[in-house]
Visitor: 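Take this structure, written in structure tokens, and hold onto it; I'll ask about it next.
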Amino acid sequence: MDFFAHQDRARRNTRWLVGLMVVAFVATVVLVYVLVIAVVLGGQQGDAQAAGGLLGRTAWWQPDLFVLVATGVSLVIGGGSLYKTAQLSGGGEKLAEMLGGRRLSPDARDPLERKVLNIVEEMAIASGTAVPPVYLLDSESGINAFAAGLDIDSAVIGITRGAVEQLSRDELQGVVAHEFSHILHGDMRLNLRLIAIVHGILVLGLLGYYAMRIAASSGGRRRSSNKEGGGAIAAILLLGLALMIIGYVGTFFGSLIKAAVSRQREFLADASAVQFTRNPGGISGALARIASANGSKLETPRAAEAWHMFFASGLWTLFATHSPLTERIARIDASKAALLAESGASGLAT
């Protein structure tokens with residue numbers, strides 16, 4: 001395979017998708033602005049249009065109000081993003097221990113542990129990065145691995161015992177090289193930022209939901225109030241409903257974009273693994289071994305929180321962070337993917 005061409009393709013697609021996330025943010029600001037104009041200034045706009053003057057054509061654009069709305073939306077999304085970032089910004093060692101990992105001593109004598117440590121050292125040299133701590137998930141019989149940490153200095157690599165015992169040395173080397181690509185290219189940091197942005201958009205929807213609840217509660221207590229008060233409550237209800245719709249729809253499309261970015265980074269990591277090892281058969285063989293037995297499953301209940309970090313994860317859905325195994329294999333070795341498809345493994349996702 002031309003791994004450099006595959007890497008360029010994955011990077012280019014990533015840039016487009018990240019650009020879409022920026023567009024989604026701008027669209028959210030514009031939609032909220034239009035919503036505020038329609039709900040809060042609806043009466044004033046109607047009077048201006050009835051007058052038929054210049055104001056009727058320009059009332060929809062009010063720069064001061066737009067700046068106010070843009071600032072408010074940015075603060076809400078930014079605050080939600082910072083909160084999520086703080087939640088997920090623990091070091092890689094913390095995540096590895098949460099998943100049941102045991103840190104391997106650099107002086108380990110066990111043959112399997114020694115093999116893992118040697119391969120990690122080899123791939124650190126090949127990728128030009130420091131040797132990270134290595135964690136072994138002793139209780140996991142599935143074939144899997146992950147990289148965790150927000151930068152090279154805090155990164156760790158975790159490997160399941162199933163991967164160490166079932167993969168050949170070349171296959172294990174391909175898996176480890178794949179994880180080094182995530183460390184080298186900052187994929188963990190990128191993924192965290194996208195998760196945080198999507199959460200920030202969700203907070204906007206939650207804000208609308210709670211505004212509706214408060215307005216509905218106030219309306220129940222003030223049924224005997226004047227018509228003006230009732231109109232204000234109706235406007236808040238409508239504003240809250242629209243914010244909730246914008247937030248939840250934005251979260252849906254943001255999650256789609258985030259998943260698509262993650263899939264592109266997996267393609268990039270697969271291509272980088274071939275570059276580091278100079279052996280396409282290693283990474284494709286590991287993927288094929290998982291596909292033939294669907295052997296990437298993890299037993300720990302905490303795995304669902306970190307599926308996006310693993311070498312292979314879950315079954316294919318619209319929000320899957322990994323592409324189907326046969327698609328990943330086909331980019332590396334088309335003939336091996338064809339054999340898997342003939343054998344019935346093509347139905348397996350990741």
Side-chain angles (χ1 to χ4, degrees), residues 90-185 187-188 269-270 272-303 305-307 309-313:
E93 295 185 1
K94 181 179 179 181
L95 175 65
E97 291 171 357
M98 179 193 79
L99 294 171
R102 172 176 60 88
R103 184 169 180 171
L104 298 183
S105 168
D107 301 324
R109 299 300 179 188
D110 179 86
L112 287 177
E113 295 180 7
R114 192 70 255 161
K115 178 176 73 170
V116 173
L117 291 169
N118 288 341
I119 289 175
V120 170
E121 291 173 2
E122 292 165 5
M123 291 302 96
I125 294 172
S127 61
T129 60
V131 179
V134 182
Y135 283 78
L136 183 64
L137 278 62
D138 288 300
S139 61
E140 300 293 349
S141 59
I143 300 173
N144 229 317
F146 67 89
L150 296 184
D151 51 41
I152 292 177
D153 295 331
S154 65
V156 305
I157 285 182
I159 304 174
T160 63
R161 179 164 289 277
V164 178
E165 293 178 344
Q166 299 177 51
L167 298 179
S168 68
R169 196 181 196 283
D170 285 349
E171 291 167 347
L172 188 59
Q173 191 179 59
V175 171
V176 172
H178 173 102
E179 299 307 328
F180 265 97
S181 173
H182 288 312
I183 295 173
L184 181 64
H185 294 121
D187 293 342
M188 297 165 291
D270 288 344
S272 296
V274 177
Q275 176 190 354
F276 298 153
T277 63
R278 302 291 171 166
N279 178 15
I283 181 88
S284 64
L287 290 166
R289 196 179 291 269
I290 294 172
S292 61
N294 197 25
S296 65
K297 182 180 179 182
L298 297 179
E299 299 299 329
T300 174
R302 306 298 296 273
E305 302 175 31
W307 268 129
M309 295 184 180
F310 280 91
F311 176 71
S313 62

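For clarity, every value in this text was computed on a predicted model and none was experimentally measured.
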Visitor: Restricting to non-hydrogen atoms, name the atom on P280 and the atom on V274 that form the minimum distance, rounded to 0.1 Å.
Guide: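 Answer, listing the atom of P280 first, then V274: CG-CG1, 3.9 Å.
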Visitor: Which atom pair, heavy atoms only, marks the closest approach of I143 to G162?
Guide: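 Minimum heavy-atom separation between I143 and G162: CG1-O, 4.1 Å.
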Visitor: Quick one: closest heavy-atom pair of L117 and A108, and the distance?
Guide: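 Answer, listing the atom of L117 first, then A108: CD1-CB, 3.9 Å.
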Visitor: If I take atom OG from residue S296 and atom CZ from residue R289, how far apart are they, to the nearest 0.5 angstrom?
Guide: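 If I round to the nearest 0.5 Å, the distance is 14.0 Å.
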Visitor: Measure the CD1-OG distance between I283 and S272 for me, rounded to the nearest 0.5 Å.
Guide: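 Nearest 0.5 Å value for the CD1-OG distance: 10.0 Å.
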Visitor: Is any side-chain heavy atom of E113 less than 4.5 Å from a side-chain heavy atom of V116?
Guide: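 A side-chain contact under 4.5 Å is absent here.
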Visitor: With rounding to the nearest 0.5 angstrom, report the CG to OG1 distance, L99 to T160.
Guide: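 So the gap between those two atoms works out to 11.5 Å.
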Visitor: Find out whether I183 and I157 are in side-chain contact, i.e. whether some heavy atom of one side chain is under 4.5 Å from a heavy atom of the other.
Guide: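 Counting from C-beta outward, I183 and I157 do come under 4.5 Å.
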Visitor: Would you confirm whether E93, through its side chain, and R103, through its main-chain N or O, come within 3.5 Å as a donor-acceptor pair?
Guide: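 The answer is no, because no donor-acceptor pair under 3.5 Å joins these two groups.
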Visitor: Considering only residues two or more places apart or on different chains, which pairs with a residue in residues 159-180 satisfy ring-ring contact (aromatic ring centres under 6.0 Å, His included)?
Guide: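 Of all non-adjacent pairs touching residues 159-180, those that pass ring-ring contact (aromatic ring centres under 6.0 Å, His included) are H178-H182, H178-F311.
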Visitor: Donor-acceptor check, side chain of T129 to backbone of L184, threshold 3.5 angstrom: yes or no?
Guide: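 No, T129 side chain to L184 backbone: no donor-acceptor pair under 3.5 Å.
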Visitor: Does E122 form a side chain to side chain contact (heavy atoms under 4.5 Å, CB included) with I125? I'd like the steps, not just the answer.
Guide: CA-CA 5 Å; E122 292 165 5; I125 294 172; 5.9 Å; no
Visitor: With sequence neighbours left out, what residues match S141 under side-chain contact (heavy atoms from CB on, under 4.5 Å)?
Guide: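 Listed in chain order: nothing, the list is empty.
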Visitor: Any pair with a residue in residues 116-172 that passes ring-ring contact (aromatic ring centres under 6.0 Å, His included), sequence neighbours left out, goes on the list, sorted by first then second residue, please.
Guide: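 Pairs touching residues 116-172 that pass the test: F146-F310.
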Visitor: Is there a side-chain contact between R114 and N118 (heavy atoms, below 4.5 Å)?
Guide: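 Contact flag for R114/N118 side chains = yes.
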Visitor: For F276, check ring-ring contact (aromatic ring centres under 6.0 Å, His included) against everything at least two apart and list the hits.
Guide: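 Checked F276 against ring-ring contact (aromatic ring centres under 6.0 Å, His included); zero matches.
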Visitor: Closest heavy-atom contact between T277 and A177?
Guide: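 Smallest heavy-atom distance, with atoms named: CG2-CB, 3.7 Å.
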Visitor: Give me the atom names and distance for the closest heavy-atom approach of A124 to V131.
Guide: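 Heavy atoms only, the tightest pair is CB-CG2, 3.7 Å.
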Visitor: Quick one: CG on L104 to CD1 on I159, what's the gap to the nearest 0.5 Å?
Guide: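 Rounded to the nearest 0.5 Å, the CG-CD1 separation comes out at 8.0 Å.
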Visitor: With sequence neighbours left out, what residues match D138 under side-chain hydrogen bond (donor to acceptor under 3.5 Å, both in side chains)?
Guide: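 Once residues adjacent in sequence are excluded, the partners of D138 under the side-chain hydrogen bond (donor to acceptor under 3.5 Å, both in side chains) criterion are R102, R161.
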Visitor: Decide yes or no for L298 and N144: does some side-chain heavy atom of the first lie under 4.5 Å from some side-chain heavy atom of the second?
Guide: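 Yes, side chains in contact.
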Visitor: Would you give the length of the straight line joining atom CD of Q275 to atom OG of S181, rounded to the nearest 0.5 angstrom?
Guide: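 Going from CD on Q275 over to OG on S181, the span is 8.5 Å.
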Visitor: Please round to the nearest 0.5 Å and tell me the distance separating atom NZ of K115 and atom CZ of R169.
Guide: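 Spacing of NZ (K115) from CZ (R169) equals 8.0 Å.
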Visitor: With sequence neighbours left out, write down each residue that passes side-chain hydrogen bond (donor to acceptor under 3.5 Å, both in side chains) with Q166, or none if nothing qualifies.
Guide: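 Expected list: none.
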Visitor: Decide yes or no for M309 and M188: does some side-chain heavy atom of the first lie under 4.5 Å from some side-chain heavy atom of the second?
Guide: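 Heavy-atom side-chain distance check fails, nothing below 4.5 Å.
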Visitor: Do P132 and V120 touch side chain to side chain, with heavy atoms closer than 4.5 Å?
Guide: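 The answer is yes, as the side chains (C-beta and beyond) meet within the 4.5 Å cut-off.
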